[in-house]
Amino acid sequence: MSCDEKTCEFFEPGHRACGGCGPALAARLITRATGENTIIVASTGCMEVFSTPYPETAWKTPWIHSLFQNAAAVASGVEASIKRQGRDEKVVVIAGDGATFDIGILCISGAFERGHDITYICYDNEAYMNTGIQRSGATPYDASTTTSPAGKYSTGNQRPKKDLPAILAAHGSPYVATTSIATPKDLMDKVTRAINTEGPCYIQVHTPCCTGWGFDGAKTMEIGKMALDCGLWANFEMVDGEIVKSRKVKRVPVEDYLKSQKRFRHLFKPQPNEAEIAKIQAIADRNAEKYGIDIKPKK
Amino acid sequence: MALNVGCAAAPGKARDNKTGSWRVFKPEFDLEKCNKCGTCIMICPEVCIEEDEEGYPKVDYDFCKGCGLCANECPKDAIEMKQEEK
Amino acid sequence: MRELRIHGRGGQGSVTAAELIATAAFKSKVYSQAFPAFGVERRGAPVQAFVRFDDKKIRLRSQIYEPDYIIVQDSTLIKDVDVFSGLKEGGIAIINTEKDLEAGLPEGVKIIKIDATSIALEVLGLPIENTTLMGAFAAATGEIEMAAIEEALKERFPLPLAEKNIAAAKKAYEIVKGGSA
Amino acid sequence: MLQIMEGSHAVAEAVRLCRPEVVSAYPITPQTHIVERLAEMVADGDLDGEYICVESEFSALSSCIGASAAGSRVYSATTSQGLAFMAEVVFNAAGMRQPIIMTIANRALGAPLNIWNDQQDSLFLRDSGWMQFYAEDAQEATDLHFLAYKVAERHDILLPAFVCFDGFILSHTFEPVDIPTQEEIDAYLPAFNPYQRLDAKKPMSFGMYATPDYYQEFRYEINAAMTRAKDAIRETGKEFGEMFGRDYSGLVEGYRLEDADTAIVALGSICGTIKDAIDEMRDAGEKVGLLKIRSFRPFPAEEIKEALKGVSQVAVLEKNINIGSRMLGAVGLEVKDAVYKSGIPVYSYVGGLGGRDIRKKDIKQLVDWAREGRNDCFFGLREEVL
């Protein structure tokens with residue numbers, strides 16, 4: 001099938017994502033960047049379920065799903081096979097954060113250590129959304145999920161996000177980047193760069209989930225931008241393990257971002273929990289330092 | 001329809017699922033305000049807005065779920081979400 | 001069917017010896033089967049390996065409890081392990097020893113004592129006597145031909161090493177044939 | 001040409017002759033010698049394929065799915081804990097109808113940890129949708145790989161297959177094996193012709209999910225393919241026999257069953273020992289025979305019924321335990337079902353677990369037990385430690 005000349009879209013309408021779905025937008029933007037000569041390997045997850053109820057597939061490029069945790073291994077096999085056949089399709093994994101940060105990390109570690117020429121893209125909606133919003137290793141500090149509920153003795157998820165970009169960079173990945181559906185051009189540019197970089201590359205896309213995080217689907221991009229603006233999400237690039245570029249922002253405090261989502265609502269009821277908000281602010285501050293995202297005032 | 005071996009399928013059937021019926025609010029476009037920036041086209045998670053012959057956005061309401069993302073992101077406030085008349 | 005049980009210690013090449021004897025037997029137009037006493041024994045621990053010989057295809061898969069022949073690669077095993085267990089009346093035991101062993105040897109079997117370690121040291125420069133004992137086994141039992149041992153060793157080892165092993169096996173073969181063992 | 005070699009190396013030779021394009025495996029005793037030899041072959045250029053040195057069995061079979069779906073003939077091997085670890089992928093590969101061939105060097109499952117032979121590992125996956133073939137000796141293990149690829153890749157079958165051979169007892173034993181030439185195997189086994197594959201020129205989605213509207217039909221279809229596999233095995237096995245003189249047209253194989261009053265039923269290498277025991281019993285005037293099940297999946301119930309129709313009792317020797325089942329062993333249960341209407345008593349005897357040696361005298365004891373009507377017992381138990 002050739003590229004639709006007018007739109008070059010490889011993700012079709014009719015899929016069953018929630019209105020305003022961040023991952024659906026990510027799927028669309030990723031496939032625009034990867035183009036027709038790409039084989040997509042998917043993990044089990046929300047995106048897999050909303051896009052491929054038999055016989056309705058939303059994917060116009062070759063696509064394969066096997067299990068929750070084995071996308072990186074399946075991709076290894078696809079890559080080995082097409083290499084052996086002398087074919088030139090790009091092999092791109094698209095998997096959720098649960099499949100990536102938690103259950104699939106063994107397969108990912110193996111695939112990255114072996115150096116397969118694949119691009120692994122994690123759509124990070126910061127919890128297990130397919131099964132009903134349970135915490136994952138990507139869930140941010142203090143977010144309330146169904147397995148890390150805020151309660152009388154808890155302020156929600158008690159651990160910060162796992163630093164997966166650093167872990168995969170430490171595997172010797174030539175190109176690791178983070179991006180967001182709130183920055184579509186950045187997302188597509190990074191995907192393009194990754195698929196054209198030899199070796200195992202990793203991209204983590206921030207994909208706000210209106211249902212899981214508790215906000216109106218019209219605000220999916222807005223929430224993404226707020227995460228960038230407060231520093232709880234940073235867009236950066238790592239080449240051969242070094243951070244080489246990051247998206248600069250004039251940072252704002254984290255409160256507005258937290259207030260915008262039900263998963264953080266407990267931090268403001270009955271009155272703002274200053275101590276916890278300060279801890280989250282500290283996470284943003286550390287991100288800002290680590291990734292160099294602050295716009296420095298001109299001297 | 002015979003089953004395809006191994007639960008595989010060729011593209012094309014997703015369009016059988018007309019998600020437009022999910023819609024509660026409908027985006028209405030004020031083309032007077034539109035500057036043809038293409039933001040709404042680019043960011044629609046349903047891939048159901050395309051350019052018309054003059055470069056203006058054209059919604060395929062068969063699939064628009066009425067999420068309002070386009071209206072929220074439109075830099076010219078040219079899109080208004082109106083309650084669907086049923 | 002004739003059966004051989006090899007007693008050795010981990011690292012002495014008992015399994016290799018069994019495989020080489022089976023290979024030599026196969027090359028002597030005999031059906032053969034070689035297998036280790038599958039274990040997790042580490043270097044130095046007592047181990048066993050088995051070989052069967054027959055003029056027809058071998059189907060039996062159990063371990064060997066009543067051997068026609070035994071090879072004891074290290075005489076110190078005699079006090080640790082009942083190496084003679086089940087050895088058939090009139091069977092042959094080939095024991096690698098430098099001492100003149102007398103005590104603890106069973107009656108009604110043929111005992112062949114040979115100082116294979118000294119031969120291996122002299123010919124190979126290494127105290128690895130498994131291939132040397134193949135020569136002794138060939139001479140004592142007639143199950144395999146010396147020419148087949150040569151062929152098997154040449155297949156298994158690169159040439160200079162194969163030649164040395166052949167020389168060691170031949171030396172043991174001649175000693176046993178000559179009755180001086 | 002008849003050569004003497006280790007069973008694992010014979011299997012590796014067979015795999016090489018099948019020209020897999022992608023091999024992906026993880027080391028585990030007693031399977032390791034196969035994949036080590038294949039890695040050597042790739043390193044030396046004797047096998048022209050990709051060898052993926054994966055970090056786990058889970059990835060081994062997962063990458064096989066990817067490579068198979070992308071259009072390559074693939075191979076893997078494992079056993080026991082490794083097979084259990086990849087169990088989720090085992091079901092998935094079958095459901096995705098990828099004709100993957102995997103050698104299982106049968107070994108016990110822990111706990112307790114045990115590296116020795118029995119057949120609990122492959123048998124626990126009997127409902128996974130993989131064909132399961134059991135080899136009596138290194139020759140059969142070798143030949144079954146050619147057969148397995150040929151059956152699995154048929155477009156009317158498209159099922160993966162285990163070629164099971166007993167760990168250590170076959171994998172680590174040196175014995176004579178006739179290894180065909182490349183020309184012979186090329187003439188028997190055509191190049192892989194995928195039914196459908198991942199291909200940018202003809203995009204398709206593989207491994208979609210099925211709602212209650214479709215799932216059951218996919219399970220119906222895989223079972224229908226497994227049923228069709230019986231004829232496919234007969235045809236390809238017969239063809240193999242015509243080309244190589246070793247006939248595998250039967251899913252079962254009888255040995256001295258004619259006029260037997262007692263039949264022993266078994267899988268795998270123990271059949272050799274049983275044949276020797278039967279010869280001795282026959283010499284002593286006892287009418288005993290063996291029915292070897294070569295294909296456990298698909299299960300040849302009709303052949304079993306036919307083969308056992310004249311006997312008075314059946315002793316099923318089980319190297320597995322079907323814990324908590326109505327019958328102690330999984331094989332006995334199915335054999336009993338196969339002969340149900342005939343009323344012939346079928347007894348299940350479990351032994352040889354975790355590498356416990358089985359001797360001719362044990363076989364003779366089982367025949368006696370069957371004649372006495374004893375059922376559902378272990379043999380070779382060390383009563384003194386119980």
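Throughout, a chain's letter reflects where its sequence line sits, starting with A, and its residues are numbered from 1. Predicted, not measured: the structure shown is a model, and the values here were computed from it.
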Trainee: Do you know which of Val91(A), Asn37(A), Leu106(A), Thr38(A) has the most heavy-atom pairs under 4.5 Å to chain D?
Mentor: Leu106(A)

Trainee: Looking at Ala200(D), is its backbone amide N or carbonyl O close enough to the side chain of Glu89(A) to form a donor-acceptor pair, meaning the two atoms are under 3.5 Å apart?
Mentor: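 It does hold such a pair.
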
Trainee: Could you check if a side-chain atom of Thr211(D) sits within less than 4.5 angstrom of a side-chain atom of Tyr54(A), using non-hydrogen atoms only?
Mentor: no

Trainee: Between atom OG of Ser81(A) and atom CD of Glu50(D), what is the distance when rounded to the nearest 0.5 Å?
Mentor: 9.0 Å

Trainee: Counting heavy-atom pairs under 4.5 Å to chain A, which of Ser72(D), Gly95(D), Ser62(D), Gly71(D) comes out on top?
Mentor: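 Ranked by contacts with chain A, first place is Ser62(D).
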
Trainee: Would you indicate whether the side-chain heavy atoms of Met96(D) and Ile64(A) approach each other to under 4.5 Å?
Mentor: yes

Trainee: Heavy-atom cut-off 4.5 Å, strictly under: side chain, backbone, both or neither for Asp199(D) against chain A?
Mentor: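 Looking at Asp199(D), backbone and side chain both touch chain A.
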
Trainee: Of the backbone (N, CA, C, O) and the side chain (C-beta and beyond), which part of Thr57(A) lies under 4.5 Å from a heavy atom of chain D, both, or neither?
Mentor: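 Its backbone and side chain both get close to chain D.
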
Trainee: For the CZ atom of Arg87(A) and the CZ atom of Arg197(D), what is their distance to the nearest 0.5 Å?
Mentor: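 Arg87(A) CZ to Arg197(D) CZ: 4.0 Å, rounded to 0.5 Å.
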
Trainee: Top residue by heavy-atom pair count (under 4.5 Å) with chain D, among Glu48(A), Glu56(A), Gln69(A)?
Mentor: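 Option with the top pair count is Gln69(A).
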
Trainee: Check each atom of Ser205(D) against the heavy atoms of chain A and say whether the ones under 4.5 Å are side chain, backbone, both or neither.
Mentor: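 Interface part for Ser205(D): both.
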
Trainee: Can you tell me which portion of Val89(D) sits under 4.5 Å from chain A's heavy atoms? Options are side chain, backbone, both or neither.
Mentor: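 For Val89(D), backbone and side chain are both near chain A.
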
Trainee: Would you mind telling me which of Ala210(D), Ser59(D), Gly49(D) has the largest number of heavy-atom pairs within less than 4.5 Å of chain A?
Mentor: Ser59(D)

Trainee: Can you tell which part of Phe218(D) gets under 4.5 Å to a heavy atom of chain A, answering side chain, backbone, both or neither?
Mentor: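 Answer is side chain: those atoms of Phe218(D) sit under 4.5 Å from chain A.
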
Trainee: Using a 6.0 Å cut-off, check whether atom CD of Gln216(D) has over 12 heavy atoms from anything other than its own residue.
Mentor: no

Trainee: Taking every non-hydrogen pair under 4.5 Å, which of Asn70(A), Ile82(A), Thr44(A), Leu67(A) racks up the most with chain D?
Mentor: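 Most heavy-atom pairs under 4.5 Å with chain D: Leu67(A).
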
Trainee: Is Glu113(A) close to Glu55(D) at the side-chain level, that is, under 4.5 Å between some pair of heavy atoms?
Mentor: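 Result no, sub-4.5 Å side-chain heavy-atom pair not found.
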
Trainee: Name the option with the most non-hydrogen atom pairs under 4.5 Å to chain D; the candidates are Arg114(A), His116(A), Glu79(A).
Mentor: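 Heavy-atom pair counts peak at Arg114(A).
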
Trainee: What residue in Lys83(A), His65(A), Arg84(A) has the most heavy-atom pairs under 4.5 Å with chain D?
Mentor: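 Looking at each option in turn, the highest pair count goes to Arg84(A).
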
Trainee: Any side-chain heavy atom of Pro53(A) sitting closer than 4.5 Å to one from Tyr214(D)?
Mentor: no

Trainee: Could you check which of Gly110(A), Ser76(A), Ser66(A) has the highest count of heavy-atom pairs closer than 4.5 Å to chain D?
Mentor: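 Sorted descending by pairs with chain D, the first entry is Ser66(A).
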
Trainee: With side chains defined as the heavy atoms from C-beta onward, is the minimum distance between Cys107(A) and Phe58(D) less than 4.5 Å?
Mentor: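 Counting from C-beta outward, Cys107(A) and Phe58(D) do come under 4.5 Å.
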
Trainee: Sort Asp213(D) into side chain, backbone, both or neither according to what part of it lies under 4.5 angstrom from a heavy atom of chain A.
Mentor: neither

Trainee: Is there a donor-acceptor pair closer than 3.5 Å between any side-chain N or O of Glu88(D) and the backbone N or O of Phe68(A)?
Mentor: no

Trainee: Answer with side chain, backbone, both or neither: which region of Val22(D) has an atom nearer than 4.5 Å to a non-hydrogen atom of chain A?
Mentor: side chain

